[in-house]
Each structure stands twice: as C-alpha cells, then as structure tokens.
Amino acid sequence: MKLLRTIDNQILAFWYTAPDERVWAYLATFVPATALIIGLIVQITK
C-alpha cells in the first residue's frame, strides 16, 4: 500500500495536478506507456 501511495504522489507531483484531477494525470501517464508496451508485444509476436 505504501508503494501505491508513493507512485500516486510522484505522478501528482510530476504533473503538478491537484488530487481532484488525479484521473487525468493517470491517463496522461499510463495511456502512452500502455500503448508502447502493446506495440512492443505486437512486434515481438510477429
């Protein structure tokens, strides 16, 4: 649980967002990373 709190605080600090805008900060962080990972998996499995 402490790890999740640390990640949450780091994302909020990086994006300079208020806690009520946490969803947008997570989307801005994880959507590009997820797309990159999916792209790599597709390239590997071809």
Side-chain angles (χ1 to χ4, degrees):
M1 200 62 176
K2 185 177 180 180
L3 177 63
L4 292 177
R5 188 176 327 130
T6 302
I7 292 170
D8 187 49
N9 288 337
Q10 291 298 322
I11 288 172
L12 292 177
F14 179 75
W15 289 102
Y16 304 107
T17 58
D20 58 337
E21 296 179 359
R22 178 178 279 124
V23 172
W24 298 115
Y26 276 106
L27 286 176
T29 303
F30 290 118
V31 169
T34 304
L36 180 65
I37 290 169
I38 291 172
L40 289 173
I41 291 171
V42 168
Q43 290 296 322
I44 291 170
T45 58
K46 274 189 170 181

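The basis for the numbers below is simple: all heavy atoms, side chains too, and nothing from hydrogens, waters or symmetry mates. Given the structure is predicted, the values throughout are model-derived calculations rather than measurements.
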Leu12/Arg22 under side-chain contact (heavy atoms from CB on, under 4.5 Å): CA gap, chis, key distance, verdict:
CA-CA 7 Å; Leu12 292 177; Arg22 178 178 279 124; 3.4 Å; yes
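- A distance of 4.0 Å separates CG of Leu3 from CD1 of Ile7, quoted to the nearest 0.5 Å.
- Using a 3.5 Å distance cut-off with no hydrogens or angles, the side chains of Trp15 and Thr29 do pair a donor with an acceptor.
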Worked verdict on Ile11 versus Phe30 for side-chain contact (heavy atoms from CB on, under 4.5 Å)
CA-CA 10 Å; Ile11 288 172; Phe30 290 118; 3.7 Å; yes
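- Hydrophobic clustering (side-chain heavy atoms under 4.5 Å, transitive across Ile, Leu, Val, Met, Phe, Trp, Tyr) groups Val31 together with Val23.
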